[in-house]
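Okay, so here's the structure we're looking at.
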Amino acid sequence: MTDTDAEELAGRVLDGDLRLYELEEHADADTAAAARRLLVEDHSGADLSVSGDYGFPAEAADANIENMLGAVQIPLGVVGPVAIDGGVISGEHYLPMATTEGALLASVNRGCAALNTAGGAGARVLKNRMTRAPAFRVADVAEAEALSSWVRDNTEALREAAESTTSHGELKEATPYVVGNTVFVRFAYDTKDAMGMNMATIATEEACDVIEAETSASLVALSGNLCTDKKPAAINAVEGRGRTVAADVTIPRETVRETLKTTPEAVAEVNTRKNLVGSAKAGSLGFNAHVANSVAAMFLATGQDAAQVVEGANAITTAEVDGDGDLYVSVTIASLEVGTVGGGTKLPTQSEALEVLGIRGGGNPAGSNADALAEAVAVAALAGELSLLSALASRNLSSAHASLGR
Ligand SMILES: CC(C)(COP(=O)([O-])OP(=O)([O-])OC[C@H]1O[C@@H](n2cnc3c(N)ncnc32)[C@H](O)[C@@H]1OP(=O)([O-])[O-])[C@@H](O)C(=O)NCCC(=O)NCCSC(=O)C[C@@](C)(O)CC(=O)[O-]
Ligand SMILES: NC(=O)C1=CN([C@@H]2O[C@H](COP(=O)(O)OP(=O)(O)OC[C@H]3O[C@@H](n4cnc5c(N)ncnc54)[C@H](OP(=O)(O)O)[C@@H]3O)[C@@H](O)[C@H]2O)C=CC1
């Protein structure tokens, strides 16, 4: 790349000869990004030199962004190593997390220290279903009922059509929902190691063609919002979406006192009054303290779709004092949408973070790497819940953030 090339490209955009998004057709991806920086710097007066100082070939992000001009760099750290006894992932692992929130990694790291003194955290994936729910128009409720029956009776034909588009995806269910003269069909797939939104969308379109050919229904929208992607929704909290995953631990009373500076009783009370009663009063879907923090930090580190942190916050934290006076804590995330192939996972820094967990790319068997990632995220969330609930119980949330976060 030379500056002249970038300047020449920028000039052609200013002359109206090229559109901003056409530059890669006339130069390599790094030169195109440099030209955009020149244009935006010239237009805004901003200095984009740091945004332009990125450490991977722009071409590597070709499938991830349009109009690229550089890269945002988010600090990346690790917590742990933490011992995990998962259905898929086991042993001691560093957990990569990217964030700008000071005190977050300190908190999750403290939680990991507590988990380790208890022998580690248990974790299991309970369900695996990525969904896409198109909306169909029918004449009236009689036709709506007929379409619902047709879908139930012809799941095999829908499966055949959907699975013709993918060598990995498997259609598991197609569930009709009726609202007047609109019928939604919620298609649910096992997408193996892919988060699966592209895969499920492409497969569902093929199945929709069969429905339109065989019934009187008309497709109105391939996504009818009953999926539900990237919006808070009770259906995800109840039925799950992506991976439904849980992690738990029993922390010895002594560890609660020494590492978490509180008591099992105080943590259990904070959890009940804050995470359960407070969330109920607020009408929240998230009955937890800050599961979204661990989900977001691990999503950014490992190349997940950041908008799906919305669904990752659908979590319930429980805490109780057991018969020995020790503290049992669990976190169940209903709809954690994760993958180790596709999307942002193949970007260079993100795939390095997956490598830290030993789960870069497709697993053997297919789906096992995404399951392992889900379990690792659930353990990070459990550690974060333990530490924050303890900080609230011992009244040092604001002092921690005053010393570490500003
Ligand atoms: C900050 C601590 C951990 C101090 O806690 P502490 O107990 O005073 O720390 P300590 O110095 O005694 O160390 C205990 C352990 O914590 C870890 N640790 C300790 N310091 C560090 C550090 N600098 N970097 C990495 N790890 C650290 C480390 O594991 C250490 O063990 P060691 O290795 O020394 O044997 C604690 O006060 C804490 O966790 N506070 C809670 C902070 C928190 O959870 N913030 C999350 C964000 S809050 C938010 O975004 C959401 C919110 C709050 O609005 C949601 C809601 O409504 O609830
Ligand atoms: N289209 C949409 O509506 C939406 C798209 N997105 C975006 O979709 C992307 C994620 O979609 P996703 O489908 O996960 O990824 P990709 O579109 O990148 O597709 C992943 C593909 O990888 C192949 N593959 C190879 N090995 C495996 C394996 N072990 N397990 C599973 N698949 C494997 C599959 O091919 P094959 O199918 O041929 O077997 C699969 O379709 C993200 O970029 C996200 O931002 C997000 C929300 C909505």
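For ligands, and for the atoms within them, numbers begin at 1 and follow the listed sequence.
- Although no hydrogens or angles enter the test, the distance criterion places no donor-acceptor pair under 3.5 Å between the side chain of Ser148 and the main chain of Pro176.
- Nearest protein heavy-atom contact of atom 43 (O) of ligand 2 is Gly343 CA, 3.3 Å.
- The parts of Ala106 lying near ligand 1 are both backbone and side chain, judged by heavy-atom distances below 4.0 Å.
- Note that atom 24 (N) of ligand 1 has protein non-hydrogen atoms nearby, at separations under 4.0 angstrom.
- When only non-hydrogen protein atoms are considered, atom 10 (C) of ligand 2 lies nearest to Met195 CE, 3.7 Å.
- Contact check on Arg124 versus Glu375 returns no salt bridge, with no Lys/Arg side-chain nitrogen under 4.0 Å from an Asp/Glu carboxylate oxygen.
- Salt-bridge annotation for Glu337 and Arg241: present, with a side-chain N of the basic residue lying under 4.0 Å from a carboxylate O of the acidic one.
- Nearest residue to atom 28 (C) of ligand 1 from Val291, Asn109, Val79 is Asn109 (criterion: closest heavy atom).
- Counting atoms of ligand 2 from 1 in the listed order, those under 4.0 Å from a heavy atom of Ala194 are 14 (O), 30 (N), 31 (C), 32 (N).
- Heavy-atom proximity to atom 32 (N) of ligand 2, evaluated over His168, Gln304, Glu163, is greatest for His168.
- Polar contact with ligand 2: absent for Val341 (N/O pair, distance under 3.5 Å).
- From the protein, the heavy atom lying nearest to atom 58 (O) of ligand 1 is Lys274 NZ, 2.4 Å.
- Distance from atom 6 (N) of ligand 2 to its nearest protein heavy atom, with residue and atom name: Met197 CB, 3.8 Å.
- Near Ser387, meaning under 4.0 Å from one of its heavy atoms, ligand 1 places the atoms 38 (C), 39 (O).
- Within a 6.0 Å sphere centred on CD of Glu92, other residues, nucleotides and ligands contribute more than 12 heavy atoms.
- A side-chain donor from one of Ser335 and Asn314 sits under 3.5 Å from a side-chain acceptor of the other.
- Shown in contact with Gly342 at under 4.0 Å from a heavy atom are these atoms of ligand 2, numbered in order with element: 15 (O), 18 (O).
- Atom 52 (C) of ligand 1 has as its closest protein heavy atom Leu388 CD2, 4.4 Å.
- Judged by distance alone, the side chains of Thr201 and Asn198 never bring a donor and an acceptor atom under 3.5 Å apart.
- There is no protein heavy atom closer than 4.0 angstrom to atom 34 (O) of ligand 1.
- There is no protein heavy atom less than 4.0 angstrom from atom 30 (C) of ligand 1.
- Ser90 places no side-chain N or O within donor-acceptor distance of the main-chain N or O of Gly86, the cut-off being under 3.5 Å.
- A salt bridge links Lys192 to Asp190: one of the charged nitrogens lies within less than 4.0 Å of a carboxylate oxygen.
- Summary of contacts: the protein heavy atom closest to atom 10 (P) of ligand 1 is Lys261 NZ, 3.9 Å.
- Of the protein's non-hydrogen atoms, the one nearest atom 40 (C) of ligand 2 is Met199 CE, 3.5 Å.
- Contacts of Leu105 with ligand 1, taken as heavy-atom pairs under 4.0 Å, are absent altogether.
- Atom numbering of ligand 1 starts at 1 in the shown order; those under 4.0 Å from a heavy atom of Asn396 are 37 (O).
- Of the N or O atoms in Gly344, none lie within a sub-3.5 Å distance of an N or O in ligand 2.
- Between the side chains of Arg257 and Thr263, no donor-acceptor pair of N or O atoms lies under 3.5 Å.
- Which of His290, Glu101, Glu385, Arg110 comes nearest to atom 50 (O) of ligand 1 through a heavy atom is settled by distance: it is Glu101.
- A salt bridge links Glu170 with Lys172: the distance from a Lys NZ or Arg NE/NH1/NH2 to an Asp or Glu carboxylate oxygen falls below 4.0 Å.
- In this structure, a donor-acceptor pair under 3.5 Å is absent between the side chains of Thr345 and Gln304.
- The nearest protein atom to atom 12 (P) of ligand 2, hydrogens excluded, is given as Gly196 N, 3.5 Å; this is a heavy-atom distance.
- Residues Asp324 and Arg253 are not paired through a salt bridge, judged by the lack of any N-O separation under 4.0 Å between the basic side chain and the carboxylate.
- Ranking protein heavy atoms by distance to atom 29 (N) of ligand 2, first place goes to Asp193 OD2, 3.0 Å.
- Within the listing of ligand 2, atoms 36 (P), 37 (O), 38 (O), 39 (O) sit less than 4.0 angstrom from a heavy atom of Ser167.
- Protein heavy atom closest to atom 40 (N) of ligand 1, with residue, atom name and distance, is Ala391 CB, 3.4 Å.
- In this structure a side-chain-to-backbone donor-acceptor pair under 3.5 Å is present from Lys127 to Glu239.
- For Arg132, a nitrogen or oxygen atom sits less than 3.5 Å from a nitrogen or oxygen atom of ligand 2, counting backbone and side chain alike.
- Taking every heavy atom of Asp229 and a limit of under 4.0 angstrom, the matching atoms of ligand 2 come to 47 (C), 48 (C).
- A donor and an acceptor atom, one from each side chain of Lys231 and Asn225, are located under 3.5 Å apart.
- Summarising the local packing, CD of Glu258 is surrounded by more than 12 heavy atoms from other residues, nucleotides or ligands at distances under 6.0 Å.
- Residues satisfying the side chain to side chain donor-acceptor pair (under 3.5 Å) criterion with Glu24, sequence neighbours excluded, are Arg36.
- For atom 45 (N) of ligand 1, the closest non-hydrogen atom of the protein is His401 NE2, 2.9 Å.
- Between the side chains of Thr117 and Thr255, at least one donor-acceptor pair of N or O atoms lies under 3.5 Å.
- Between the side chain of Asn116 and the backbone N or O of Gly120 there is no donor-acceptor pair closer than 3.5 Å.
- Checking side-chain atoms of Gln308 against main-chain N and O of Leu336 turns up no donor-acceptor pair under 3.5 Å.
- Proximity of atom 19 (C) of ligand 1 to the protein is not indicated, since no non-hydrogen protein atom lies closer than 4.0 angstrom.
- Between Tyr54 and Phe56, the ring planes lie tilted relative to each other; the angle falls in the 30° to 60° range.
- Checking Thr204, Thr166, Thr201, Thr345 against atom 37 (O) of ligand 2, the nearest heavy atom belongs to Thr166.
- Backbone and side-chain nitrogen or oxygen atoms of Lys230 are examined, and none is located within less than 3.5 angstrom of a nitrogen or oxygen of ligand 2.
- Closest heavy-atom approach to atom 8 (O) of ligand 2 among the candidates Val338, Asp305, Thr165, Asn198: Asn198.
- Protein heavy atom in closest approach to atom 44 (O) of ligand 1: Ser107 OG, 2.7 Å.
- Near Gly362, the atoms of ligand 2 lying under 4.0 angstrom from a non-hydrogen atom of the residue are 29 (N).
- Distances from atom 19 (O) of ligand 2 to the protein include no heavy-atom value under 4.0 Å.
- Nearest to atom 55 (C) of ligand 1 among the protein's heavy atoms is Ala289 O, 3.3 Å.
- The protein heavy-atom contact nearest to atom 37 (O) of ligand 1 is Ala400 CB, 3.4 Å.
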Name the atoms and distances for all side-chain donor-acceptor pairs under 3.5 Å in residues 384-392, with sequence neighbours left out.
from   : atom 1 : to     : atom 2 : distance (Å)
Glu385 : OE1    : Ala289 : N      : 2.8
Glu385 : OE1    : Thr317 : OG1    : 2.7
Glu385 : OE2    : Ala289 : N      : 3.3
Glu385 : OE2    : His290 : N      : 2.8
Ser387 : OG     : Ser107 : O      : 3.1
Ser387 : OG     : Ser107 : OG     : 3.1
Ser387 : OG     : Arg110 : NE     : 2.8
Ser387 : OG     : Arg110 : NH2    : 3.2
Ser390 : OG     : Leu386 : O      : 2.6

